[in-house]
Each structure stands twice: as C-alpha cells, then as structure tokens.
Engineer: 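Below you'll find the structure I mean.
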There are 2 protein chains.
Amino acid sequence: MPRAKCPKCQITERILKSGIIRDKQRFYCKDCNYHFTLLHEGKKQKSETKKNNRPTSLKDIAEAAGISISTVSRALNNHPDISLETRNNIKQLATSMDYHPNMLAQSLVNRSTHSLGVIIPNLETTFFSSMLGGIQHVAAQSGYRVVICQSDENHMTEVANLQALMNNMIDGLLICHTLYTNTFDHIKMQMNRGIPIVQFYRVSEALDIPKIFSDDENGAFQITEHLINKGCKKIALLLGPKALSINKRLNGYLKALKMHGIKKDETLIKHVDFSYNAVIGAVDDWLNSEPEIDAIFSISDKCAVQIIRHLKSKKINIPQKISVCGFGNEYTGEIVEPQLTTYDVKTRQIGEAAAKLLLEQIIDKKTKNESILIDGEIIIREST
Amino acid sequence: MPRAKCPKCQITERILKSGIIRDKQRFYCKDCNYHFTLLHEGKKQKSETKKNNRPTSLKDIAEAAGISISTVSRALNNHPDISLETRNNIKQLATSMDYHPNMLAQSLVNRSTHSLGVIIPNLETTFFSSMLGGIQHVAAQSGYRVVICQSDENHMTEVANLQALMNNMIDGLLICHTLYTNTFDHIKMQMNRGIPIVQFYRVSEALDIPKIFSDDENGAFQITEHLINKGCKKIALLLGPKALSINKRLNGYLKALKMHGIKKDETLIKHVDFSYNAVIGAVDDWLNSEPEIDAIFSISDKCAVQIIRHLKSKKINIPQKISVCGFGNEYTGEIVEPQLTTYDVKTRQIGEAAAKLLLEQIIDKKTKNESILIDGEIIIREST
DNA sequence: ATATCTATCGCAAACGTTTGTGCAAACACT
DNA sequence: AGTGTTTGCACAAACGTTTGCGATAGATAT
C-alpha cells in the first residue's frame with residue numbers, strides 16, 4: 001500500500017499507483033482525480049527558479065518589449081520588414097538582456113549545425129595532428145567548427161564514433177580509417193543520409209565517395225629507387241600490420257625492385273605493429289640473418305628514428321653500412337643524427353584539401369565525387 | 001510595376017509588392033487576397049520530395065504504426081509504461097525504417113549536448129596535442145564528444161571561439177589560454193551562464209574557476225638549481241613573449257639564483273616570440289656578449305633543440321662549454337644529440353585531470369572550485 | 001476624397017524530441 | 001456485480017528558433 005499523499009486533496013487514502021515515470025512511482029488520487037509522482041520537498045521552488053536560471057530567449061525579449069517573437073527574430077536578423085527604429089531598440093534590449101541565440105534551436109530549424117566531424121586514428125602523432133591542423137584551419141575560415149573523434153586505431157571505436165556523429169550533429173564528415181578497417185559497411189550505411197563524407201589519407205576504393213590521398217605507391221617507389229641508386233641491393237622493408245588493406249607502399253617497393261632487376265626476397269619484408277619491441281626485433285632478425293642487408297626502409301618515420309638509434313647503439317655506421325629511410329617526414333627525422341631520408345606526405349595539405357572538398361559539397365549541395373591526389377616529395381638527407 | 005502573376009487567379013494585374021522575404025520580392029494579389037513570393041518553376045515538386053529526403057522521425061514511425069509519437073518515444077527508451085509487445089514491435093519497425101534519433105532535438109529538450117568544448121592555442125604541437133589526447137580519452141570514457149577550437153595563439157580568435165562554443169553547443173568548456181591573453185573579461189562574461197569552465201595549463205588566478213596546472217615555478221627552479229649544481233654561473237634564460245602574464249618560470253629561475261647567491265643579470269634574460277630567427281638571434285647575442293655564458297635555459301623544448309643544433313653548428317661543445325636545458329619534455333628532446341635535459345610537465349595527465357574535473361562538475365552539477373597541481377619531473381640527460 | 005500601395009508587425013506552423021498528465025480498458029478481489 | 005488496482009497508451013505542452021502568410025494603419029497617388 002503506497003503511503004503517498006495527494007498534493008491536491010492532501011488525502012493519503014484512495015491513492016493508487018499508476019505506472020512508473022523516470023524510475024519514480026507514479027500515483028493517482030481517486031478522490032480528486034489527479035495524477036502525480038512523489039516529489040521531494042521544495043519542488044515548487046525549483047519550478048520558480050528554473051525560469052530564472054535559463055538564458056534569455058527570444059520570448060523573453062518579446063515579452064519585455066511587448067512585441068511578438070517573430071518580430072524580435074527578424075529584427076535581430078536584419079530582416080527588411082522591420083523598421084530601423086524597432087530594430088535598433090530590440091537590438092539594444094537584446095544586448096542589455098545578454099541574449100545569445102540558442103544554436104541548437106537554430107540548427108534544428110535550419111537543418112545545419114555549421115560543424116564538421118572528423119574521425120582520425122590518433123591526434124597525438126604529428127603525422128595526423130598536422131592533417132587536423134589543416135582541416136581546422138580551412139574549416140575556421142568558412143566559419144565551421146570541428147568535432148574531433150579519435151578512433152585509437154580501433155575499428156569498433158571508429159564505427160561507434162561514426163554513429164554518434166552522424167545523428168544530426170554535423171553537416172559533413174572527414175574520415176581517416178583505422179589501420180584495421182577492412183570492411184566499410186558502416187560507411188555505406190551512412191552514405192544515403194544526405195550528409196557528405198570525404199575520406200582522407202587512408203582511403204578505400206571500395207567506397208564511391210570523394211577521397212584525398214597521397215600517392216604512397218609512388219613515394220615508396222621513389223624511396224626504393226633512391227636506395228637502389230645509392231648502390232643498395234638488399235633492401236629490407238618494414239611494414240605495418242598485415243591487416244592493413246591500404247598497403248600501396250609494398251607495391252611501390254616491389255615495382256622499384258622489378259624495374260631495376262632485383263628479385264623479391266620474402267625474408268626482407270616484415271610486418272609489425274608499431275611497438276618498439278616489434279620494430280627492434282625485426283631489425284635484429286635482419287641483422288643476424290645471412291644475406292647482409294644494406295638498407296632499411298621503414299614505412300613510418302617514428303620507427304625509422306628508433307631504428308637509427310638502435311643501429312647507432314650497435315656501432316653500425318649509417319649510411320656506410322646500412323642506409324635507413326622513413327616515410328612521412330616528421331620533425332624528428334630532421335633532428336636525429338644522421339638526419340633521416342624520408343618522403344614528405346604533405347599531411348597538412350591533405351587535411352586542407354579534404355576540408356575544402358567537403359565544404360564545397362556542403363555549401364554547393366552537390367554530390368561531387370572527386371578524388372584528389374596530393375603529390376609528395378622525397379627528402380634526401382644524411383641517412384642514405 | 002511588378003509583372004508578377006498570381007499563382008491562384010493567374011492574373012498579372014492588381015498585383016502589388018508587399019515587403020521582401022529572404023531577399024525575394026514578396027507580392028500580394030488584391031484580387032484573390034493572396035500573398036506570395038516569386039517562385040521559380042517546380043516549387044511544388046520540392047515540397048513533395050522534401051518529406052522523402054528527410055531522415056525518419058518519431059512521427060514517421062508513429063504514423064506507420066498507427067500509434068502516438070509519445071508511445072514510440074517511450075518504447076524506444078524502454079519506458080515501463082509500454083508493453084513488451086508494442087515495445088518490440090516499435091523497435092523492430094524503427095530499425096527497419098532506419099531510424100536514428102535527432103540529437104539536436106534531444107539536446108534542445110534535455111538541455112545537454114553531451115559534448116565538451118576545448119579551446120587550445122595549437123593542436124599540432126605535441127605539447128598541446130598530448131593534453132588533447134588526455135582530454136579526449138577521458139571524455140570518451142564518459143560518452144562525451146569533444147569539440148575542439150584552435151586559437152592559434154591569437155587572443156581575438158580565443159574570444160571568438162569562446163562565443164561560438166558557449167551558445168548551447170557544449171555542456172562544459174576546457175580552455176588553455178593564448179600566450180597573449182592578459183584580460184579575462186570574455187571568460188567572466190560566460191561564467192554565469194551555467195556552463196562550467198575549467199582552465200588548464202595556462203591558467204589565471206584572476207578567475208574564480210577550477211584550474212589544472214603544473215608547478216612551472218618549481219620546475220624552473222629545479223632546472224636552474226640543477227644547472228647551478230653542475231657548476232654553471234652564467235645561466236641565460238630564454239623566455240616567451242613578454243605579454244605572457246603567466247610567467248612563473250622566471251620566478252623559479254630567480255628563486256634558484258637567489259638561493260644560491262648568484263646575482264640577477266638582466267642581460268641574461270631575453271623575451272622572444274618563438275620564431276627561429278628570434279631564438280637564434282638571442283643566442284648569438286649571448287655568445288657575443290662579454291660575460292661568457294655557461295648555460296642556456298629555454299622555456300620551450302622546441303627552442304632548446306634549435307639551440308642545440310645551432311651551438312653544434314658553431315662547434316660549441318655541449319655541455320662542456322655550454323649546458324642547455326629545455327622545458328616540456330617533448331619527444332624531440334630525446335632524439336637530439338646530445339639528448340636534452342628538460343622538465344616533464346606531464347601534459348597528458350593535465351589533460352586527463354582537466355577533463356575529469358569538468359565532467360565531475362557537469363555530472364554532479366556542483367560548482368566546484370578545485371585547483372589541482374600536477375607534479376612534473378626533471379629529466380636529466382646529456383645536455384647538462 | 002477615394003483608391004491603391006507600402007511599411008511594419010503578429011499569428012502560427014514547423015523542426016524532432018521528452019514528459020507530465022489524463023483516461024479507457026483490463027484485471028483482481030471481494 | 002461491484003469495487004479497487006493496474007496496464008497501456010494518447011494528448012499536449014514544452015525546448016528556442018525560423019518563416020510563410022495575414023493583416024492593419026498610415027502614405028501616396030489619382
């Protein structure tokens with residue numbers, strides 16, 4: 001038997017339960033025919049102060065000025081229907097009442113949030129954060145905000161982020177896939193939602209959407225050819241996780257070997273995750289194996305730097321004994337000694353181009369399907 | 001005279017102008033008493049396809065199922081008032097109709113967007129991006145998104161970003177001020193909006209809001225004392241722009257000098273912006289000046305690395321001739337040779353702590369006013 | 001003076017949710 | 001059969017905007 005007391009007739013009998021609302025028992029007073037939930041003390045105070053706590057709305061201004069809401073809205077938006085006098089009065093009143101438009105309500109009506117979503121594997125690596133910088137820069141120029149989600153190289157996180165963002169939070173999406181993303185159903189599901197999507201850097205030909213990417217195959221080709229020209233014959237290649245579907249760099253490497261008549265040696269190609277131990281382990285394997293290697297081409301500058309330091313600790317001369325190349329042109333490659341030969345992917349440009357392409361789609365409302373290739377540049381330094 | 005034709009009575013006479021709507025001339029047919037704006041061909045088609053283009057809403061589901069909107073809402077939210085049968089039916093119908101809730105509408109009524117705003121000077125520097133990483137990590141754990149704005153070390157941009165974010169876009173704000181921010185009225189104006197704000201790293205005591213910061217004074221003290229213990233007497237200090245109000249590092253430096261009985265020498269303290277030329281210029285000044293310096297303490301690792309490379313190019317031995325210290329513990333300090341002695345500010349921890357503190361405020365709705373100090377750690381390497 | 005304009009504003013419907021309350025029917029128990 | 005109880009749903013008011021359409025009072029032209 002509920003011991004509830006009816007707020008109207010103050011009677012504790014003839015009260016019956018009536019469902020549950022927000023985890024609170026709901027009651028029904030048969031006497032005064034009144035439904036209620038059990039309120040803790042001082043509930044009425046809240047409803048009084050509630051109004052005061054809220055930011056001022058158009059309604060508040062309208063009431064204060066004794067005019068309609070629509071007039072206030074139009075006045076603040078400089079609609080020509082409103083006379084200059086009332087317009088100025090309302091504007092002054094608005095600032096004096098500290099009015100700020102509720103962008104949520106605006107977005108709801110206008111069907112546009114003026115913000116772009118970005119899904120990126122990692123935002124602490126300079127490689128990615130410089131892309132982010134490019135995106136953010138271009139977006140800001142057009143008055144767009146940027147909502148950033150980090151997938152942490154985790155496919156499930158990427159999917160979750162995607163779902164969250166696409167629910168009307170953003171006007172467009174920029175996505176750089178996870179290393180382990182090899183199925184793209186999650187993207188396909190979102191493609192008919194009317195929200196434009198642009199892939200950048202790690203792209204998939206399986207998707208019929210615009211892409212911004214670098215010619216990694218060509219980059220790897222150039223690096224490999226450079227090593228060959230330097231006289232290297234046994235060029236070890238350190239790749240990322242095998243799951244990575246987008247592995248153009250291997251192709252470029254093989255292409256260069258083939259063109260220069262060097263036969264492929266499977267033992268010279270290793271896949272590793274990017275952990276320090278895995279990288280060093282792979283290098284040590286190569287050092288101990290029989291056909292003496294004379295070059296290491298790491299597909300990540302970070303790993304290349306680790307390799308250089310490891311080789312130096314082993315008193316192996318770079319590049320006399322072994323040449324080392326990286327990929328990505330991170331700042332550390334310029335600092336390490338010997339300075340690292342690498343391939344500049346122009347990450348910032350990729351970010352900028354991706355944001356531009358997306359904004360064009362959003363603003364022109366045209367479903368473009370461009371694919372833009374950002375040319376990189378080989379940077380030859382001391383390590384080769 | 002307008003040549004408009006009334007859509008109703010198809011008469012071109014007796015048409016008069018009636019204000020302007022959305023930059024389009026509006027007309028009024030005196031004949032059929034009908035208002036209209038000039039529509040280009042095929043306007044009616046749009047209103048037909050309009051409905052089809054939209055994502056499915058609760059209303060669509062309700063109509064399809066022949067029940068009320070509220071029932072659909074409650075069913076999808078597992079409200080106990082709805083029978084298991086209808087609940088399942090509706091859920092199935094919802095997924096079959098590809099329903100996704102409009103988060104804007106939800107946010108509007110719930111007064112919560114589940115996203116945090118971050119204003120940060122720069123997101124490409126690892127120093128800051130690692131803070132971002134910490135923030136993003138903690139936020140994601142609690143199911144919050146992160147909206148990131150880059151102020152580019154520009155005070156006006158910071159103000160603009162703040163304004164944009166605070167208009168109901170976010171549930172809370174994390175801000176790390178610009179180097180040039182010495183007035184905080186823009187923050188004060190937002191403080192009574194009910195949206196909690198947390199400062200991190202670059203904080204101001206002028207504001208009565210929670211802060212997360214590192215004990216830079218102590219860090220600078222430790223670095224300076226370390227140099228003194230190494231026998232350095234003439235320790236040059238390279239600081240950031242003078243406008244920077246938060247310059248505790250100078251205090252730590254001076255404190256250490258005083259404690260060890262070394263008198264302050266104004267010529268040994270220089271303020272520079274962080275451009276390469278300014279840094280190198282300052283260093284060259286010191287090298288050419290009379291009292292031979294025996295140490296350089298740069299308040300930025302990035303500059304310290306540049307200094308090391310510059311000194312090496314001048315064949316100046318580090319640390320035999322001149323010791324070099326940085327501040328911040330960026331990765332490059334570990335790569336450069338000699339490896340850089342620096343102070344680890346624990347940037348990631350700062351980001352995490354800031355996000356935690358903010359989320360506590362948002363979730364508990366309590367206006368805390370904690371100030372948390374994240375202890376750093378001196379990292380002694382080869383450059384001293 | 002009359003007819004015609006025009007400038008200026010209000011009304012109300014949308015946008016897609018959540019949620020307090022009302023209410024009929026089903027159920028349970030004398 | 002009569003009473004008390006519960007279940008399951010619908011109505012409608014919010015949330016804060018934008019905007020198509022009406023409407024009126026004064027201005028202008030005839």
Side-chain angles (χ1 to χ4, degrees), chain A residues 1-2 13-22 24 26-28 30 33-37 39 50 54-62 67-77 79-87 90 99-112 167-168, chain B residues 1-2 14-22 24 26-28 30 33-37 39 50 54-62 66-77 79-87 90 99-112 167-168:
Chain A
M1 269 302 191
E13 302 90 8
R14 300 173 59 88
I15 299 289
L16 29 137
K17 289 204 250 181
S18 166
I20 294 181
I21 288 181
R22 305 254 290 171
K24 285 180 199 165
R26 183 168 156 243
F27 299 99
Y28 176 52
K30 194 75 183 175
N33 209 28
Y34 181 66
H35 278 262
F36 62 95
T37 56
L39 310 176
K50 195 172 57 176
R54 288 187 194 157
T56 61
S57 67
L58 287 185
K59 191 178 176 185
D60 299 329
I61 300 180
I67 55 177
S68 79
I69 298 180
S70 52
T71 303
V72 179
S73 170
R74 284 192 249 256
L76 295 177
N77 290 326
H79 192 288
D81 262 15
I82 308 300
S83 72
L84 194 65
E85 189 189 343
T86 34
R87 198 189 305 179
I90 292 178
Y99 169 76
H100 299 275
N102 185 327
M103 306 199 68
L104 287 176
Q106 284 184 332
S107 299
L108 186 59
V109 171
N110 294 333
R111 310 184 150 281
S112 154
N167 291 348
N168 306 77
Chain B
M1 269 304 190
R14 298 176 59 88
I15 299 290
L16 29 137
K17 290 202 250 181
S18 168
I20 294 182
I21 286 180
R22 305 257 288 173
K24 284 181 199 164
R26 185 167 155 245
F27 300 97
Y28 175 53
K30 195 72 184 179
N33 209 28
Y34 181 64
H35 279 260
F36 63 94
T37 57
L39 309 175
K50 196 173 58 177
R54 288 188 195 155
T56 60
S57 66
L58 288 185
K59 191 178 176 185
D60 298 329
I61 301 179
I67 56 177
S68 80
I69 297 179
S70 52
T71 302
V72 179
S73 170
R74 284 192 247 257
L76 295 177
N77 291 326
H79 192 287
D81 261 15
I82 309 300
S83 74
L84 194 64
E85 189 188 342
T86 34
R87 200 189 303 181
I90 292 178
Y99 170 76
H100 298 275
N102 185 327
M103 304 199 69
L104 288 176
Q106 285 183 330
S107 299
L108 185 60
V109 56
N110 292 334
R111 308 184 153 280
S112 153
N167 291 347
N168 307 76

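Protein chains get the first letters and strands the later ones, always in sequence-line order, with residue 1 at the start of each.
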Engineer: Roughly how far, to the nearest 0.5 Å, is the OG atom of A:Ser57 from the NE2 atom of A:His100?
Structural biologist: 13.0 Å
Engineer: Find the distance A:His79:NE2 to C:dT8:P and express it as a whole number of Å.
Structural biologist: 12 Å
Engineer: For residues A:Asn102 and B:Leu108, determine if any side-chain heavy atom of one lies less than 4.5 Å from a side-chain heavy atom of the other.
Structural biologist: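 A:Asn102 reaches B:Leu108 side chain to side chain.
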Engineer: For a quick test of reading the model: is some side-chain N or O of B:Arg111 closer than 4.0 Å to OP1 or OP2 of D:dG16?
Structural biologist: yes
Engineer: Within the sub-3.5 Å range, which N or O atoms of nucleotides 11-13 of chain C have a protein N or O partner, and how far apart are they?
Structural biologist:
from: C:dC11; atom 1: N4; to: A:Ser70; atom 2: OG; distance (Å): 2.9
from: C:dC11; atom 1: N4; to: A:Arg74; atom 2: NH2; distance (Å): 3.4

Engineer: Distance check needed: D:dG8 P versus B:Ile90 CD1, whole Å only.
Structural biologist: 12 Å
Engineer: Answer yes or no: does a side-chain N or O of A:Ser73 lie under 4.0 Å from OP1 or OP2 of D:dT19?
Structural biologist: no
Engineer: Between B:Arg87 (side chain only) and B:Ala75 (backbone N and O only), is there a donor and an acceptor less than 3.5 Å apart?
Structural biologist: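 No, because the side chain of B:Arg87 does not come within donor-acceptor range (under 3.5 Å) of the backbone of B:Ala75.
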Engineer: Quick one: label B:Ile67 by what it contacts on the DNA or RNA (base, sugar-phosphate, nothing), any heavy atom closer than 4.0 Å.
Structural biologist: sugar-phosphate
Engineer: What is the distance, rounded to the nearest whole Å, between atom CD of B:Glu85 and atom C1' of D:dT7?
Structural biologist: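 For the pair B:Glu85 CD and D:dT7 C1', the rounded distance is 13 Å.
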Engineer: Using the side-chain heavy atoms of B:Leu108, tell me which of these nucleotides is nearest: D:dG16, D:dC9, C:dT18.
Structural biologist: D:dG16
Engineer: Just how far, in rounded Å, is P of C:dG16 from NE2 of B:His100?
Structural biologist: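 From B:His100 NE2 to C:dG16 P: 15 Å.
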Engineer: Quick check on C:dC15: is either OP1 or OP2 less than 4.0 Å from any side-chain nitrogen or oxygen of B:Arg54?
Structural biologist: yes
Engineer: Rounded to the Å, how far apart are B:Arg87 CZ and D:dC9 C1'?
Structural biologist: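 Nearest whole value for this atom pair: 13 Å.
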Engineer: Taking atom types as modelled, find out whether A:Thr86 and A:Ser83 have a side-chain donor-acceptor pair closer than 3.5 angstrom.
Structural biologist: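 Indeed, the side chains of A:Thr86 and A:Ser83 share at least one donor-acceptor pair under 3.5 Å.
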Engineer: Starting from C1' on C:dT8, measure out to CG on A:Leu84 and report it in whole angstrom.
Structural biologist: 13 Å
Engineer: Quick one: which of C:dC15, C:dC9, C:dT18 gets closest to the side chain of B:Asn110?
Structural biologist: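 That would be C:dT18.
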Engineer: Rounded to the nearest 0.5 Å, what separation is found between the CZ atom of A:Arg74 and the CD1 atom of A:Ile67?
Structural biologist: 11.5 Å
Engineer: I'd like to know if the side chain of B:Ser68 pairs up with that of B:Thr71 as donor and acceptor (distance under 3.5 Å, no hydrogens or angles considered).
Structural biologist: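 Yes, because at least one side-chain N or O of B:Ser68 sits under 3.5 Å from a partner of the opposite role on B:Thr71.
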Engineer: Can you figure out which of D:dC9, C:dC9, C:dT17 approaches the side chain of A:Asp81 most closely?
Structural biologist: C:dC9
Engineer: Is the distance from OP1 or OP2 of D:dC15 to the nearest side-chain N or O of A:Asn102 less than 4.0 Å?
Structural biologist: no
Engineer: Which nucleotide in the list C:dT17, D:dT17, C:dC9 gets nearest to the side chain of B:Tyr99?
Structural biologist: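 That would be C:dT17.
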Engineer: Side-chain N or O of A:Asn77 less than 4.0 angstrom from OP1 or OP2 on D:dT18?
Structural biologist: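 Yes, such a contact exists.
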Engineer: Between the side chain of A:Asn110 and the main-chain N/O of A:Ser107, is any donor-acceptor distance below 3.5 Å?
Structural biologist: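 Answer holds: no.
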Engineer: The criterion is side-chain contact (heavy atoms from CB on, under 4.5 Å); which residues satisfy it with A:Leu76, sequence neighbours excluded?
Structural biologist: A:Leu58, A:Val72, A:Ile90, A:Lys91, A:Ala94, A:Tyr99
Engineer: Between A:Leu58 and B:Gly66, which has a closest nucleotide on DNA chain D that is more 5'?
Structural biologist: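 First, find each residue's nearest nucleotide; the 5'-ward one identifies B:Gly66.
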Engineer: So, OP1 or OP2 of C:dC15: does either fall under 4.0 Å of a side-chain N or O from A:Ser107?
Structural biologist: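 No, outside the criterion.
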Engineer: Rounding to a whole Å, what distance do you find between A:Ile82:CD1 and D:dT19:P?
Structural biologist: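 Whole-Å distance recorded here is 13 Å.
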Engineer: Nearest of C:dC9, C:dT18, C:dT17 to any side-chain atom of B:Ser57?
Structural biologist: C:dT17
Engineer: Rounded to whole angstroms, how far apart are CG on A:Leu104 and P on D:dT18?
Structural biologist: 13 Å
Engineer: Could you tell me whether the phosphate oxygens of C:dT18, OP1 or OP2, come under 4.0 Å of any side-chain nitrogen or oxygen in B:Gln106?
Structural biologist: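 Yes.
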